[in-house]
Student: 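Please see the structure below; I have some questions.
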Amino acid sequence: MRELKERILKDGQALNEAVLKVDSFINHQVDPNLMENIGKTFADKFADDGVTKVVTIESSGIAPSVFTAKAMNVNLVILKKSTSKILEDNISQTEVASYTKGTEYQLTLNKKYINRNDRVLIIDDFLARGEAAQGAIRLIEAQGAEVVGVGILIEKAFQSGNKALRDKGYTVCSLARIKNLSDGHIEFLED
Ligand code: 5GP
């Protein structure tokens, strides 16, 4: 997606050769116009897949996912990274390794929000090793629902996530695929 790539080049910052910072338009401050266009792009790409729910992981996936769900006219389910007293009942959990924090967390779903008739589109901001996406897939499939695809804003194509998902048969749609982040430069793979 040209608009996203141009914005990454303008405002993204390669923190080191493995991590990209996009705090000024995705992760901390959010550009709603860009998020809306991202939502419409995902809705177009998955228009023929009979999607009944969009699922994301809190918190950075929420903004683009709201617009995706709105454009597809379906509900959005936000998987939680921690439980609270309000969430205690009827939950399903799976352990996920956090790429940025280097710790583990319990990805959590209230089971009433996904059922076996659902066809789910997963949306997340980044794809690195694919741990978050695979955790989401485990929770969704445990409900008997089908994952029709994984939509990613920024894929670091030099890391293993895309291959891990494709090897298991999942469709991955990344709007910007980064080939290289070394020396502070951001280089994309050709479309
Ligand atoms: P994965 O689970 O695919 O290994 O990592 C994806 C998750 O880690 C995303 O949900 C995202 O929050 C975070 N992440 C991975 N790489 C980056 C990065 O380069 N920059 C930022 N801001 N977040 C990242």
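Ligands are counted one by one from 1 in listed order, and the atoms in each one are counted from 1 as well.
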Student: Would you check ligand 1 and list the protein residues that come within less than 4.0 Å of it by any heavy atom, ordered by chain and number?
Tutor: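 Those residues closer than 4.0 Å to ligand 1 by some heavy atom are A18, V19, L20, N27, Y99, T100, D124, D125, F126, L127, A128, R129, G130, E131, A132, K156.
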Student: Please check if any side-chain donor atom of S160 sits under 3.5 Å from a side-chain acceptor atom of R129, or the reverse.
Tutor: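 S160 vs R129: no donor-acceptor pair found between side chains.
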Student: Are the side chain of T94 and the backbone of R138 linked by a donor-acceptor contact shorter than 3.5 Å?
Tutor: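 Not at all, since once roles are kept as given, no pair shorter than 3.5 Å links the two residues.
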Student: Mind checking side-chain hydrogen bond (donor to acceptor under 3.5 Å, both in side chains) for N16 and listing every partner two or more places apart, or none if nothing turns up?
Tutor: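 Here no residue qualifies.
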Student: Scan the side chains in residues 139-146 for donor-acceptor partners under 3.5 Å anywhere in the protein, sequence neighbours excluded, and list what turns up.
Tutor:
{"from": "E141", "atom 1": "OE1", "to": "Y170", "atom 2": "OH", "distance (Å)": "3.2"}
{"from": "E141", "atom 1": "OE2", "to": "Y170", "atom 2": "OH", "distance (Å)": "2.6"}
{"from": "Q143", "atom 1": "NE2", "to": "K111", "atom 2": "O", "distance (Å)": "3.2"}
{"from": "Q143", "atom 1": "NE2", "to": "I114", "atom 2": "O", "distance (Å)": "3.0"}
{"from": "E146", "atom 1": "OE1", "to": "R119", "atom 2": "NH1", "distance (Å)": "3.3"}

Student: Checking T108 against Q93 for the side-chain hydrogen bond (donor to acceptor under 3.5 Å, both in side chains) test, could you report, in this order, the C-alpha distance in whole Å, the side-chain angles of both residues, the deciding distance, and whether it holds?
Tutor: CA-CA 5 Å; T108 303; Q93 292 188 304; 2.8 Å; yes
Student: So, using side-chain hydrogen bond (donor to acceptor under 3.5 Å, both in side chains) as the criterion, who are the partners of S182 when residues are at least two apart?
Tutor: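 Checked S182 against side-chain hydrogen bond (donor to acceptor under 3.5 Å, both in side chains); matches are N180.
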